[in-house]
Amino acid sequence: QVRLVESGGGLVQPGGSLTLSCAASGIFFNIYGMSWHRQAPGKERELVATITTGGDQTNYADSVKGRFTISRDNTKNTVYLQMNSLKPEDTAVYFCRALRLTNLYWGQGTQVTVSS
């Protein structure tokens, strides 16, 4: 059974930081491209960041470039999203995703709320 379990969300003040984690099980993690997505209330889910299988290439949405960092530890089957300089518009449910060819898996999401 494939499971992606996100953690690390919560309430943070503007300008603060959070680190999200996504632990994978049931897949050969190191052959899956990983990504983080988010969905704010009333909006469509959007791509935040991607990372290749070996972690050597990353890409970011323009809205988070320079503030967020995606990374992975293949020895721990975990992908991370370090979020700095958080803004109220970063408030959303954050999801991780694993993708290899036609195999696609989503986590259940973790809530991030940026508010004073």
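We count residues from 1, following the sequence as given.
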Starting from the C-alpha separation in whole Å, work towards a yes-or-no answer on side-chain contact (heavy atoms from CB on, under 4.5 Å) for C22 and T78. CA-CA 5 Å; C22 172; T78 301; 5.6 Å; no
Hey, any chance V93 and V114 share a hydrophobic cluster, counting ILVMFWY side chains that come within less than 4.5 Å of each other, even indirectly? no
Side chain proximity check, R72 to F29, heavy atoms < 4.5 angstrom: yes
Sorted by chain and number, sequence neighbours left out, side-chain contact (heavy atoms from CB on, under 4.5 Å) with D73 holds for T75, K76, Y80
Residues forming a side-chain hydrogen bond (donor to acceptor under 3.5 Å, both in side chains) with T53, sequence neighbours excluded: none
By side-chain contact (heavy atoms from CB on, under 4.5 Å), Q39 pairs with (sequence neighbours left out) R45, F95
Contact between Y60 and V48 at the side-chain level, heavy atoms closer than 4.5 Å - yes or no? no
Residues two or more places apart in sequence or in another chain: which of them pass side-chain hydrogen bond (donor to acceptor under 3.5 Å, both in side chains) with T69? none
Can you check side-chain contact (heavy atoms from CB on, under 4.5 Å) on F68 and L86, steps first, answer last? CA-CA 9 Å; F68 290 11; L86 282 161; 3.8 Å; yes
Has E44 got more than 12 heavy atoms of other residues, nucleotides or ligands less than 6.0 Å from its CD? no
What I'd like to find out is whether the side chain of W36 reaches to under 4.5 Å of the side chain of I70, using heavy atoms alone. yes
Is a salt bridge present between D90 and K87, judged by a nitrogen-to-oxygen distance below 4.0 Å? no
Backbone N/O of T50 and side chain of R97: donor-acceptor pair under 3.5 Å: no
Donor-acceptor contact present, side-chain T110 to main-chain G9, <3.5 Å: yes
Within 45° cone and under 6.0 Å: R3 NZ/CZ vs Y105 ring: no
Report the C-alpha separation of S116 and Q13 in whole Å, then their side-chain angles, then the decisive distance to 0.1 Å, and conclude whether the side chain to side chain donor-acceptor pair (under 3.5 Å) test is met. CA-CA 5 Å; S116 55; Q13 292 186 342; over 6 Å; no
Can you get from M34 to V2 by hopping between Ile, Leu, Val, Met, Phe, Trp and Tyr side chains that sit under 4.5 Å apart? yes
Closest contact, heavy atoms only, L81 versus A49: CD1-CB, 4.3 Å
Side chain to side chain, P88 and P14, heavy atoms closer than 4.5 Å: yes
Residues that N77 engages under side-chain hydrogen bond (donor to acceptor under 3.5 Å, both in side chains), provided they are two or more places apart: none
Would you please name every residue forming a side-chain contact (heavy atoms from CB on, under 4.5 Å) with A40, sequence neighbours left out? K43, A92
According to a 4.5 Å side-chain heavy-atom criterion applied to Ile, Leu, Val, Met, Phe, Trp and Tyr, with indirect links allowed, do W106 and L4 form part of one hydrophobic cluster? no
Following the transitive rule for hydrophobic clusters with a side-chain heavy-atom cut-off under 4.5 Å over Ile, Leu, Val, Met, Phe, Trp and Tyr, establish whether I51 and F28 coincide in one cluster. yes
Do E6 and L20 touch side chain to side chain, with heavy atoms closer than 4.5 Å? no
Report yes or no: does T19 contribute a side-chain atom to a donor-acceptor pair with the main-chain N or O of Q82 at less than 3.5 Å? no
May I ask you to test the S35-L47 pair for a side-chain heavy-atom distance under 4.5 Å? yes
If you measure from NE2 on H37 to SG on C96, what distance do you get to the nearest 0.5 Å? 9.0 Å
Check: R38 and V64 side chains under 4.5 Å, non-hydrogen atoms: yes
Should V112 and M83 count as side-chain neighbours, where that means a heavy-atom distance under 4.5 Å? yes
